[in-house]
Amino acid sequence: MFVQLLRKNNVVAGVLAVIRIYIGYAWLTAGWGKVTGGFDATGFIQGSIGKATGDHPAVQGWWAAFLENVALPGATVFSFLVAWGELLVGIALILGLFTNFAALMGIVMNFAFIFSGTISTNGQMILLTIFLLVAGYNAGRYGLDRYVIPFIRNYRKVHKPGRTRRFDETAEAN
C-alpha cells in the first residue's frame, strides 16, 4: 500500500520533487567544487586503505583490496568519474531527467563513500534516495521525465528492436 502511494499519488510526487531537488543540489554543489577545483582522489583512497587496519576497521578488507589494486592505480580515472558523476547526478536530479538512473548512480556513489569509511551525509542521502527509487516514475513526474519518459515509451513501441516491416505493411502505411 505504501509503495502504491509512492508510485501513484500526485501530492507525494510533489514531496518527492522537493526531496529530489534537495539531493540534486547536494550532488551538484559537491561535484561543481570538484570539477572546478582540480579534485584528486588519491589522498582519499589512501586514507580509506589506511582505515582497513586495526581491531575495529572502518573499511572492510575486500573493499580495501579493491581500492589498493584498482582505484589507487586508476586514481586519475576515479577522480574524473567522481567529480563529473556527482555533477551530472545533481543536474539530472534537479531537472528530473532520467531520475531513476540518476538516483541509482547517486546511491552507488554514496555506498562507495560509506564503504570507504566516510560517514558525513551519505546515510541520509541513501535513505532519501531509496524513496526516489521505490517511487519510480512518480519521482520525476514534476520534472523533465514527465515529457521524456512518454516520448521514449512511444518511440520504443513504434520502433521495436529486431522488427522489419514487410512490403505489404509499408504499402498499407502509405
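- Criterion: ILVMFWY side-chain heavy atoms under 4.5 Å apart, direct or through other members. Under it, Leu104 and Tyr22 are part of a common hydrophobic cluster.
- Linking Ile, Leu, Val, Met, Phe, Trp and Tyr residues whenever their side-chain heavy atoms come within less than 4.5 Å leaves Phe151 and Tyr147 in two separate clusters.
- The environment of Phe131 atom CZ is sparse: at most 12 non-hydrogen atoms of other residues, nucleotides or ligands sit within 6.0 angstrom.
- Under the 4.5 Å side-chain heavy-atom criterion for grouping Ile, Leu, Val, Met, Phe, Trp and Tyr, Leu132 is not connected to Val11 through any hydrophobic cluster.
- For the pair Ala92 and Ala102, the tightest heavy-atom approach, listed with the atom from each and the gap, is CB-CB, 3.6 Å.
- Residues Ala17 and Tyr142 approach most closely at CB-CB, 4.3 Å, considering heavy atoms.
- Taking CD1 of Ile114 as the start and CE of Met125 as the end, the distance is 10.5 Å to the nearest 0.5 Å.
- Counted by atom type alone, Asp40 and Thr42 present one or more donor-acceptor pairs between their side chains at under 3.5 Å.
- Side chains of Ile130 and Ile107 form a contact here, defined as non-hydrogen atoms less than 4.5 Å apart.
- Taking each heavy atom of Ile45 and Ala71 in turn, the nearest pair found is CD1-O, 3.7 Å.
- Taking NZ of Lys51 as the reference point, atom CD of Gln46 lies at 13.0 Å (rounded to 0.5 Å).
- In this pair, Phe113 and Trp27 present their aromatic rings tilted. The plane angle is within the 30 to 60° band.
- By the ring pair (Phe, Tyr, Trp, His ring centres under 6.0 Å) test, Tyr25 is found to be paired with no residue, residues two or more places apart in sequence or in another chain being considered.
- Checked against Asn110 for a side chain to side chain contact (heavy atoms under 4.5 Å, CB included), the options Leu127, Ile23, Ile126, Thr121 give a single hit: Ile126.
- The aromatic ring centroids of Trp62 and Phe115 lie less than 6.0 Å from each other.
- Atom CG in Asn138 sits 7.0 Å away from atom CG in Asn10 (nearest 0.5 Å).
- Contacts classified as side-chain hydrogen bond (donor to acceptor under 3.5 Å, both in side chains) and involving residues 88-97 (residues at least two apart or in different chains) are not found.
- For Leu133 against Ala103, the heavy-atom pair with the smallest separation is CD2-CB, 3.8 Å.
- Separation of atoms CZ (Arg146) and OG1 (Thr99) is listed at 12.5 Å; rounding is to 0.5 Å.
- Hydrophobic clustering (ILVMFWY, side-chain heavy atoms < 4.5 Å, transitive): Phe98 and Leu28 are in one cluster.
- When all heavy atoms of Ala64 and Ala52 are compared, the closest pair comes out as CB-CB, 3.5 Å.
- Atom-to-atom distance recorded for Asn100:CG and Met105:CE is 11.0 Å, nearest 0.5 angstrom.
- To the nearest 0.5 Å, atoms CG (Leu16) and OH (Tyr137) are separated by 13.0 Å.
- A distance-only check finds a donor-acceptor pair linking the side chain of Asn69 to the backbone of Ala65 [under 3.5 Å].
- Counting only heavy atoms from C-beta outward, the side chains of Val134 and Phe2 never approach each other to under 4.5 Å.
- The shortest non-hydrogen separation linking Arg141 to Ala13 is CD-CB, 4.0 Å.
- With hydrophobic clusters built from ILVMFWY side chains whose heavy atoms lie under 4.5 angstrom apart, Val15 shares a cluster with Val3.
- Using a 4.5 Å cut-off on side-chain heavy atoms (C-beta onward), Leu93 and Ile21 make no contact.
- Side-chain contact between Thr118 and Phe44 is present, with at least one heavy-atom pair separated by less than 4.5 Å.
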